[in-house]
Amino acid sequence: MPEYNKLNSGIAQKLCAVVGERRFQLGEQVKPDYSHDEMPIYGKFMPEAVCLPETTEEVAQIMRICSENKIPVTVRGTGTGLVGGCVPIYGGIVLSTEKMNKIISYDMNNMVVHIQPGVLLCDLAADALAHGLMYPPDPGEKTATVGGNVSTNAGGMRAVKYGVTRDYVLAMTVVLPSGEIMKLGKTVCKTSSGYSLLHLMVGSEGTLGIITELTLKLIPKPIKDVSLILPFKDIATAIASVPAIKLANLDPQSIEFMERDIVDSSAAFTGNAVFPTVVNGKEAGAYILVTLVGDSEAELTMKMDRLGEVAEQVGAYDVLVVWTDSLKKDVWAARSAFLTVIEAETRLLDEMDVVVPVDRIAEFLVYTHDEAVKQGVYVRSFGHAGDGNLHIYCCSNELEEDEFKRRVKALMDKCYAKCTEFEGQVSGEHSIGHAKKEYLRQSVGDTAYSLMGAIKNVFDPDGILNPGKVCHDI
Amino acid sequence: MLNILVCVKQVPDVNLVKMDPVTGSLIRQGVPAILNPLDANALEAAVRVKEQYGGTVTAITMGPDMAEEALRECLAAGADRAVLLSDRAFANADTLATSYVIVSAAKQLGDFDMIFCGKESLDGATGQMGSQLAERFDASQISSLSIITEVDLENKTVTGERELEKGVELAQATLPCLFTVEKTHYRPRIPNLKSWKASRTAQITRFSSKTIPGLDPEQIGDPGSPTKVPRTYPPQVGQAGQIIDEGSADKSIEKLLALVPELV
């Protein structure tokens, strides 16, 4: 079991000397936001100090000091995580990448961008578009840092066509817990050159090393796109349509599902009632939102025709065409607001980010709803129907917190067991943090869990980097 | 059967427009053109009246060829017919000249019982077109309409609510009547695939200065526009503030106090 030291004034002075007074917070100066992420139900843990480095060399110096003194270091982007991944549960320092927010350069010939890890996803997306390129990963939380996205291997709405963040990371600079600087990967698309430490680093949640620079692959911006809303009677019929949509050879950029209650909440909260609730005289109970891309209007029209045929076969009430830019903005803003809406209307909140095979989504949601009713909590859900990644929020405004936690644990125990039974994954993109460790162990088994722990030990024998997370048991 | 006209305008998406700080002119290059948002509300009002009481909806606009896109959007969202008034001679028209051309062309299309406009356009935002058109159509007018509550086809009257600062006013007018529409109740619908597809290939009726009979060249375009704009300029923007964050309240206050003599 690692034994950590407290930050004494001597160590604090050394850290402060690295980043300077303006980028160093100590003790009471530390802002409370650094004690939690966006899921405060998992507890608040204040760091002893916060460092805001701007360069790889500063990160390396910080790590050398912390390594010598066995001070825990928890890396943090903008703190938009949902599993306590960036929360310093064993104290020590938070190393925030907020100031490492530069888009360094574009290599247009190779279609790559070099960035620092603290660049916000929304900023990278907009900047790439301004260069005529697209950064395909599109997680819902646009103010997350790209470094955070890499650390959680975030997926998002376009994963069904383009894959996840991992697929766009070509190279990175990493600072190891010892302070050693290491470059992983190259600006090429193929490699058959030993174990991929690069890919080990992706999704490792800041437990193996600190990412200080990233080289990301970009693609040409699609020429034309259209989103289509398919309203259905209920979630079961909506989800049942997804395999047919995928089989129609449309290569959709995204296939999202949403239930009526979250759409209603979003409309009431944002005043943006863009999803029609009554379609051709029928009440919609759920929606599928599909985005198609193509080189021309003619190509898109052909794809839309095919989708129209599928929609009729699978019982959609209609196919609504979101063609104009302003309408697209409204529709996707409503979709992106779901989590904010849930947070705003809920006093107690916990979440699951499971992935199940696409044809088991409806069954899993029905199971979850039924179990939630038994536990006296209510559920809001939406997610990526195209890849089976579900965001299920367990909510209560009535229960006491301890009682809520007890009931949600009982609910989640059952749901994660069902997810394992369905050959699913504990997390699609929100990761493990410290909140889902036990479910990870149950899902992957003791052998795999121990191997993960052994890998962690190789990189970080003193266990100072983001301790107590993913597979690190103390 | 009601004969309904909706007057629309294609405007630059002002959220994306920047102003040249030297010349004061709008930089429109690369800025997408959109259907004026309040005109989309007006169209929705018209289409709902049609669906409830029967009739046909004609969308009309004056603009360059690219304004066809705004008309196709109207066709997708329920208009039955679209009319584009396009001619270089119409260029630089103010609201007086524009309303003259629109009414002159509309007279070729029949007698309209109801005419809908958005309350104002996103770019010019004069809010003058509605009243000028009402005058030229010799129609009654309900401005700032929030919702139409009844159309009495027998007595040729219409009743609607106007949202005013101090409350809601119930207004009744005889047909023909022109409405300038608020966005409150008429969220534009999302077209379905069938109507969207039809809109992409629909025939659009076109008029030029030569095909509108009796058009007075002195009342169109630049010569017909008494409004002259001597200069446009961006509003003055205050100096950006400075955030003082020295890591602690005490240090920040100390820094602030040090800056005060420089500022006064």
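Just so it is clear: chains get the letters A, B, ... in the order the sequence lines come, proteins before strands, and each one is counted from 1. What you are looking at is a predicted structure, and each value in this text was computed from that prediction instead of being measured.
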Using only the distance criterion (under 3.5 Å, no hydrogens considered), which donor-acceptor pairs connect chain A with chain B?
unit_1	atom_1	unit_2	atom_2	d
A/Glu21	OE1	B/Lys251	NZ	2.9
A/Lys31	NZ	B/Asp245	OD2	3.3
A/Asn272	OD1	B/Arg187	NH2	3.4
A/Ala273	O	B/Arg187	NE	3.2
A/Glu297	OE1	B/Arg200	NH2	3.0
A/Glu297	OE2	B/Arg200	NE	2.7
A/Glu297	OE2	B/Arg200	NH2	3.4
A/Asp305	OD1	B/Lys197	NZ	2.8
A/Asp305	OD2	B/Lys197	NZ	3.0
A/Asp318	OD2	B/Asn192	ND2	3.2
A/Val319	O	B/Leu193	N	2.8
A/Val321	N	B/Pro191	O	2.7

Original post:
Tell me, side chain or backbone of A/Ala311 under 4.5 Å from chain B's heavy atoms, or both, or neither?
Top reply: neither
Subject >> Contact class of A/Ile229 relative to chain B, heavy atoms under 4.5 angstrom >> reply: side chain
**OP:** Give, as side chain, backbone, both or neither, the part of A/Val279 having an atom under 4.5 angstrom from any heavy atom of chain B.
**Re:** neither
**OP:** Below 4.5 Å from any heavy atom of chain A, which atoms of B/Ile190 appear? Answer side chain, backbone, both or neither.
**Re:** both
